[in-house]
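This report refers to the structure that appears directly beneath it.
The figures that follow rest on heavy atoms only: side chains count, while hydrogens, waters and symmetry mates do not.
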Amino acid sequence: MARPDELTFAPLGGVGEIGMNLSIYGLGNRHQRSWLAVDLGVSFGDEEHLPGIDLIMPDISFLEKERKNLVGLVLTHAHEDHFGAIIDLWPKLKCPIYATQFSAALFEAKLAAERNPPKIPVTVVPSGGRIDLGPFSVEFIPVAHSIPESHALAIHTEVGTVLHTGDWKLDPTPVLGPPTDEKRLRELGESGVLALVGDSTNAVREGRSPSEAEVATVIAGLVKSAKGRVAVTTFASNVARVKTVAEAARAADREVVIVGRAMERVVQVARECGYLDGVQNFRGMDYFGHFPPDKVLALCTGSQGEPRAALARIANNDHPTVTLNKGDTVIFSSRTIPGNEKAVSGIINGLVSQGVQIITDRTHLVHVSGHPRRDELRDMISWVRPQVLIPVHGEALHLSEHASLARAAGVPKVITCRNGDLVKLGPGDPGIIAELPSGRLYKDGTILEDSKSRAVIERRRMAFAGCAFVAIAMTEKGELADDPEVDLIGIPEKNAKGEVFDDIVYDVVVSTIEGLPRARRRDPDALAESVRRAVRAAVNEDWGKKPLCFVHVLEV
């Protein structure tokens, strides 16, 4: 008798980390499965560990191999960590993409901003709609989050229903869009949910996330009482917050000036989709200096310390049209993403030294998270009543806290997994059954590199210990034809005794060559390796670091 089909789940990104989300669901047997992909996001490079790398993406080699069995890619919402890798990776998959109107429109605007974008068709699904993709029937369930049209996905199959929550929170007064659809989630729970694959971002925080409406009240009060110019920075995609700031400005009789391309793009898409109906028109940044200080509010990009964004340029005093002075106010209506603290604090210090007053969520409720705290997680579990719960979207601590909360809430089976783990959800006993290829791709300029890439590894080493370049010209007899050339980059000029490193390295190169037997001097590879080792050892002795060393041997 044929074995029944298995329903499986595997994260290829977004587990054990925040960002770079990619989940896949499989239905079939060990030899043949149909696959459904959910989200395809990025995380951001860290200059300290990955110099020159802007974006990190999930390795999709497994999906490339299974391309003919991939029925589609479904998007939960349009945050970069959920859809930012599509432009780079879709050409390797060429599968259909499904998203609701706002996500599709924001993606189209993002494509239009690229230099030579690929043509990527997106099928628009209504919010609350349902689509059939191969053996999967996918239902879009509205949830509250910090961007319009976020959805949990109910993935219905013959083996059972999975609720993939995406990013969500419970907010009874979300300012924009509907609250999380409790009624539909309870109905799913009534009809039976096999597995809940859920957001763990705030699983370490007790209580409930405050509402977007509470932030609106606080921001309105701050803008009303401000004396000089006001600038507010927030995530460009947080359209509810943009609306809140616009209403606060109108109540205080201030014009809103948009500063930053990403903000302009989102505002345009939000207006087209009807999310800013009734909100006054905004001005371009050229108008900023034309209004009296108490009649203007700048809505800026750069809340995460991005060096090229508007706020960084204002803090460095090199923005072409926007300047702030003593007595002006900047409101950071955002939370600093872990890893960005140094960059954000650099901007804050730059603004403070210009005499600007800074307001952050440390002292005022000017930001709320879009993710559920522990009481909200308990509510979700009680409504959906899953047989299996898999924590995703979080670092190890978040996943483990979500898992123990689920066990305490009585979920029969809780599985914590890592990127690449293939989890059998049913039928029968759920658990990890295999490991799929997984990893990271780095966007380096316009090129995608894998994690073993020479460029990525060497650049990290160069950033730490510099580089020595040595060129040697040798005759056929194994004699030096000319003086060696030495070029040092990122290495100190002198050692502790005041001796010049260029001279030290030059002397080591010459003495190493002269000390080698003639046969070894005639072998370019052997000669280069001997010089390389000697140079690294000599620099290490005087500096305590071994530089990268490249030796070029020319035979004349």
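- For the residue pair Gln32 / Asn69, a side-chain donor-acceptor distance below 3.5 Å is found, with atom types taken as modelled.
- Sorted by first then second residue, the salt bridge (Lys or Arg N to Asp or Glu O under 4.0 Å) pairs that include residues 80-96, not counting sequence neighbours, are Glu80-Lys110, Asp88-Lys443.
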Determine whether Val71 and Phe136 satisfy the following criterion, side-chain contact (heavy atoms from CB on, under 4.5 Å), listing intermediate values before the conclusion. CA-CA 9 Å; Val71 296; Phe136 305 97; 3.9 Å; yes
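- Of the candidates Lys169, Arg241, Lys243, His367, Arg241 is the only one forming a side-chain hydrogen bond (donor to acceptor under 3.5 Å, both in side chains) with Glu212.
- Here Leu422 contributes atom CG and Leu436 contributes atom CG; the two are 5.0 Å apart, rounded to the nearest 0.5 Å.
- Thr201 and His398 form no side-chain donor-acceptor contact under 3.5 Å, judged by distance and modelled atom types alone.
- Donor-acceptor pairing under 3.5 Å is lacking for the side chains of Gln268 and Glu264.
- From Ser103, atom OG reaches atom CD1 of Ile147 across 6.5 Å, with rounding to the nearest 0.5 Å.
- Note: Asp167 CG to His393 NE2 = 3.5 Å, rounded to the nearest 0.5 Å.
- Side-chain atoms of Ser34 do not come within 3.5 Å of backbone N or O of Pro135 as any donor-acceptor pair.
- Taken from CD1 in Ile331 to CG in Leu299, the straight-line distance is 10.5 Å, to the nearest 0.5 Å.
- To the nearest 0.5 Å, atoms CD1 (Ile348) and CD (Glu341) are separated by 11.0 Å.
- Residues Phe9 and Ser23 meet the side-chain proximity criterion, which asks for heavy atoms closer than 4.5 Å.
- A donor-acceptor contact shorter than 3.5 Å links the side chain of Thr165 to the backbone of Asp199.
- Side chain of Ser333 to main chain of Val366: a donor-acceptor pair is present (N/O by atom type, distance under 3.5 Å, no hydrogens or angles).
- Residues Ile60 and Glu66 are not in side-chain contact: their nearest non-hydrogen atoms beyond the backbone lie 4.5 Å or more apart.
- When atom types are taken as modelled, the side chain of Ser200 and the backbone of Ala203 share no donor-acceptor pair closer than 3.5 angstrom.
- Note on Arg208 versus Glu376: no salt bridge recorded, every NZ/NE/NH1/NH2 to OD/OE distance being 4.0 Å or above.
- Between the side chain of Gln357 and the main chain of Val330, no donor-acceptor pair closer than 3.5 Å is present.
- The shortest side-chain heavy-atom distance between Thr301 and Val259 does not fall under the 4.5 Å cut-off.
- Salt-bridge formation is not detected for the pair Arg186/Glu190: no Lys NZ or Arg NE/NH1/NH2 atom is positioned less than 4.0 Å from an Asp or Glu carboxylate oxygen.
- For Glu108, the CD atom is loosely surrounded, since the number of other residues' heavy atoms within 6.0 Å does not exceed 12.
- A salt bridge links Glu6 with Arg33: the distance from a Lys NZ or Arg NE/NH1/NH2 to an Asp or Glu carboxylate oxygen falls below 4.0 Å.
- With a 6.0 Å cutoff to the six-membered ring centre and a 45° limit on the axis angle, Arg335 does not count as a cation-pi contact of Phe235.
- Ile390 pairs with exactly one of Leu425, Val15, Val414 by the side-chain contact (heavy atoms from CB on, under 4.5 Å) rule, that one being Leu425.
- Smallest separation of non-hydrogen atoms from Ser146 and His79: OG-CE1, 3.4 Å.
- Distance alone, capped at 3.5 Å, is enough to place a donor-acceptor pair between the Trp90 side chain and the Cys95 backbone.
- Side chains of Thr76 and Asp39: a donor-acceptor N/O pair is present below 3.5 angstrom, by distance only.
- For residues 122-136, the side chain to side chain donor-acceptor pair (under 3.5 Å) pairs, not counting sequence neighbours, are Ser127-His151, Arg130-Ser137, Asp132-Ser137.
- His77 and His145 have perpendicular rings, their planes meeting at more than 60° on a 0 to 90° scale where under 30° would count as parallel.
- Shown here are the ring pair (Phe, Tyr, Trp, His ring centres under 6.0 Å) partners of His164, two or more places apart in sequence or in another chain: Tyr25.
- Using a 4.5 Å heavy-atom threshold, the side chains of Val368 and Leu365 count as touching.
- Evaluation of the side-chain hydrogen bond (donor to acceptor under 3.5 Å, both in side chains) rule for Tyr275 yields Glu149 as partners, not counting sequence neighbours.
- For residues 413-441, the set of pairs meeting the salt bridge (Lys or Arg N to Asp or Glu O under 4.0 Å) definition, not counting sequence neighbours, comprises Glu17-Arg440.
- For Trp35, the ring pair (Phe, Tyr, Trp, His ring centres under 6.0 Å) partners two or more places apart in sequence, or in a different chain, are Phe62.
- Taking NZ of Lys65 as the start and CG of Leu70 as the end, the distance is 13.5 Å to the nearest 0.5 Å.
- Panel note: side chain Asp181, backbone Arg184; a donor-acceptor pair is recorded below 3.5 Å.
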